[in-house]
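In what follows, a single structure is set out as structure tokens and then discussed.
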Protein chains: 2
Amino acid sequence: MRALSSFREFKPPELDFVQQFKMGELVVDAGATIFLEGSDSPHIYTLLEGWALRYRMLESGRRQVLNFALPGDLIGLQSVLFDKMLHSVQALTPVRLCVFSRQRLWELYERHSGLAYDLTWIASREESILAEHLTYVGQRNALARLAYIIMHVMERCRKLGLVVNDTLATPITQQDLGDAMGLSIVHTNKTLRRLTATGAIEWRRGGIVVRNAAELTRLADYEKRETQPRPFI
Amino acid sequence: MRALSSFREFKPPELDFVQQFKMGELVVDAGATIFLEGSDSPHIYTLLEGWALRYRMLESGRRQVLNFALPGDLIGLQSVLFDKMLHSVQALTPVRLCVFSRQRLWELYERHSGLAYDLTWIASREESILAEHLTYVGQRNALARLAYIIMHVMERCRKLGLVVNDTLATPITQQDLGDAMGLSIVHTNKTLRRLTATGAIEWRRGGIVVRNAAELTRLADYEKRETQPRPFI
DNA sequence: CGTTACCTTGAATCTCCTCAATACACGTGG
DNA sequence: CCACGTGTATTGAGGAGATTCAAGGTAACG
């Protein structure tokens with residue numbers, strides 16, 4: 001419930017609306033497909049707990065990971081705006097979802113302009129994340145790409161309190177990282193070993209440790225672009 | 001004025017609002033920067049005439065072209081939602097812009113839920129275009145990437161009536177294409193020559209001719225994802 | 001204790017990049 | 001009208017980075 005509100009305070013009527021907007025909860029197994037590209041679902045979700053993956057599958061068998069979905073993330077907005085989903089979403093762990101009705105979204109736009117604004121904001125933030133990924137995949141080498149995507153995930157998880165002792169427990173595999181940054185699994189592995197060798201991070205089965213955050217940022221050749229949301233007045 | 005409405009019919013009150021929402025027109029020279037990354041503008045625009053480029057510049061001098069802006073496109077929504085632009089926008093030709101006030105956007109959300117919905121829709125469509133670009137840059141080779149980006153531009157321009165006799169007059173350079181698809185200028189050129197040699201397209205100074213659309217689609221290894229907007233009820 | 005998913009490493013190959021040089025088109029000023 | 005500068009396109013050569021193929025190794029799980 002608080003998931004959506006991670007970036008601002010709700011007003012009481014908004015909270016009421018969101019509360020009755022909620023249709024229930026759904027729990028899916030690890031590995032299950034939450035949305036299939038091309039499908040048309042009557043629901044949208046917010047992720048309450050667990051990890052998920054947004055991706056596009058090609059006929060060749062190749063996969064482009066678009067982003068990771070974390071608690072608080074809205075999933076399936078596209079199936080509201082378009083007549084079908086344009087990417088798939090898969091659970092990486094057992095996942096708990098909050099279910100909303102697609103129908104009642106019209107009401108949201110008519111009665112709660114603040115929440116409508118938030119939806120535009122969410123869509124636009126997703127866009128800017130993809131823009132950043134695209135910039136890395138298009139313009140940087142494997143080492144910088146992997147350093148970046150690890151930074152990106154760590155940073156988001158840090159804000160959610162999922163990072164303890166600079167350690168993040170995550171179901172992400174090297175295959176996932178490679179598919180996100182347009183690298184083969186072999187090159188991903190070799191580059192990840194190089195990255196570990198610098199002492200910036202440690203890669204473990206089921207976890208990532210950041211040993212030297214400054215070095216990681218440097219290796220990612222990261223140019224900070226801090227943004228603040230502009231609140232709805 | 002009709003630019004924004006390219007995808008649906010406006011209701012009379014919405015039309016009224018948009019009409020008085022407009023603050024005037026702005027004309028900029030070819031090469032001028034419309035938005036600079038990191039800046040904070042009190043205006044947003046729609047492109048009425050001409051070509052523009054959305055891109056991110058890196059300190060290293062490399063550039064990632066995110067997308068091309070065409071007549072009807074909204075420019076600068078990010079400066080409303082965030083406290084700054086996260087990419088730059090540059091005019092490729094002399095450009096005519098319709099200027100709107102950022103302030104009055106709140107009004108739009110409060111009084112015209114249909115238009116608010118449209119803004120979310122626009123943001124989400126931009127996201128899905130970036131997802132498709134990312135998929136190409138991440139998963140396909142130079143030939144498919146270039147075939148794709150040319151298809152993409154031609155398709156959008158076709159809908160705007162800018163393509164006559166399968167020919168598009170465009171200010172896009174090989175450098176632009178390369179920066180969009182993450183390829184060096186040299187490799188872009190060589191691959192473009194190969195693409196021309198197949199007979200699929202013809203590359204001219206200031207123009208692209210599609211000689212064999214089916215072949216171009218095949219070379220792009222394109223998997224069609226037709227979408228319809230879901231109208232606001 | 002065997003199966004499965006994930007990680008690791010070496011070798012050969014190829015795509016794509018950088019460097020370098022040249023050609024072509026267009027506009028400007030002498 | 002021609003010389004010149006500038007932005008764009010073209011081509012060759014050499015090399016770095018990434019891919020594919022192939023073969024193991026390791027941890028988790030029933």
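Everything numeric here is computed off the predicted structure, so don't read it as measured data. Letters A, B, ... are given to chains in the order of the sequence lines, protein chains preceding strands, and every chain is numbered from 1.
Along DNA chain C, the nucleotide nearest to A:R204 and the one nearest to A:G138 differ in position, and the one closer to the 5' end is contacted by A:R204.
Considering only side-chain N and O atoms, A:Q175 lies nowhere under 4.0 angstrom from the phosphate OP1 or OP2 of C:dA5. At least one side-chain nitrogen or oxygen of A:Q174 sits closer than 4.0 Å to the OP1 or OP2 atom of C:dT8. Between D:dT10 and B:N189, a contact under 4.0 Å exists linking OP1 or OP2 to a side-chain N or O. For the OP1/OP2 pair of C:dT18 and a distance below 4.0 Å, the side-chain nitrogens and oxygens of B:R62 include at least one atom meeting the criterion.
Rounded to an integer number of Å, the gap from B:I172 CD1 to D:dA9 P is 11 Å. The CG atom of A:L195 sits 15 Å away from the P atom of C:dC7 (whole-angstrom rounding). The nearest whole Å value for the distance from the OH atom in A:Y136 to the C1' atom in D:dA18 is 19 Å. Put simply, CD on A:Q139 is 16 Å from C1' on D:dG17, counting in whole angstrom units. The nearest whole Å value for the distance from the CZ atom in B:R194 to the P atom in D:dT10 is 15 Å. In this structure, NE2 of A:H187 is placed 15 Å from C1' of C:dA11, rounded to the nearest angstrom. Summarising the geometry, the separation between CH2 on B:W203 and C1' on D:dA9 is reported as 10 Å, rounded to the nearest angstrom. In this structure, CZ of A:R145 is placed 12 Å from P of D:dG17, rounded to the nearest angstrom.
For the residue pair A:R156/A:N67, the side-chain donor-acceptor check at 3.5 Å is satisfied. With hydrogens and angles left out, the side-chain atoms of A:R56 and A:Q64 include no donor and acceptor closer than 3.5 Å.
Note on A:E37 versus A:K84: no salt bridge recorded, every NZ/NE/NH1/NH2 to OD/OE distance being 4.0 Å or above.
Of the candidate nucleotides D:dA18, C:dC7, D:dT10, D:dT10 has the atom lying nearest to any side-chain atom of B:R193. For B:V186, counting side-chain heavy atoms from C-beta on, the closest listed nucleotide (D:dT19, C:dC16, D:dG12) is D:dG12. Side-chain proximity of A:R205 to the nucleotides C:dT18, D:dA27, D:dT10 is greatest for D:dA27. Side-chain atoms of A:T173 lie closest to C:dC7 of the nucleotides C:dT18, D:dA18, C:dC7.
The aromatic rings of A:H133 and A:H152 sit perpendicular to each other, their planes meeting at more than 60°, with 30° as the lower class boundary. Ring geometry for B:Y148 against B:Y136 counts as parallel: the plane angle stays under 30°, on a 0 to 90° scale with 60° as the upper cut.
Contact of A:K190 with D:dG17 (side chain to base): no donor-acceptor pair of N or O atoms is detected under 3.5 Å.
Residue A:L183 is in sugar-phosphate contact alone, with no base atom involved, counting any heavy-atom pair closer than 4.0 Å across all strands shown. When heavy atoms are screened at a 4.0 angstrom cut-off, A:G182 is found touching the sugar-phosphate backbone but no base atom.
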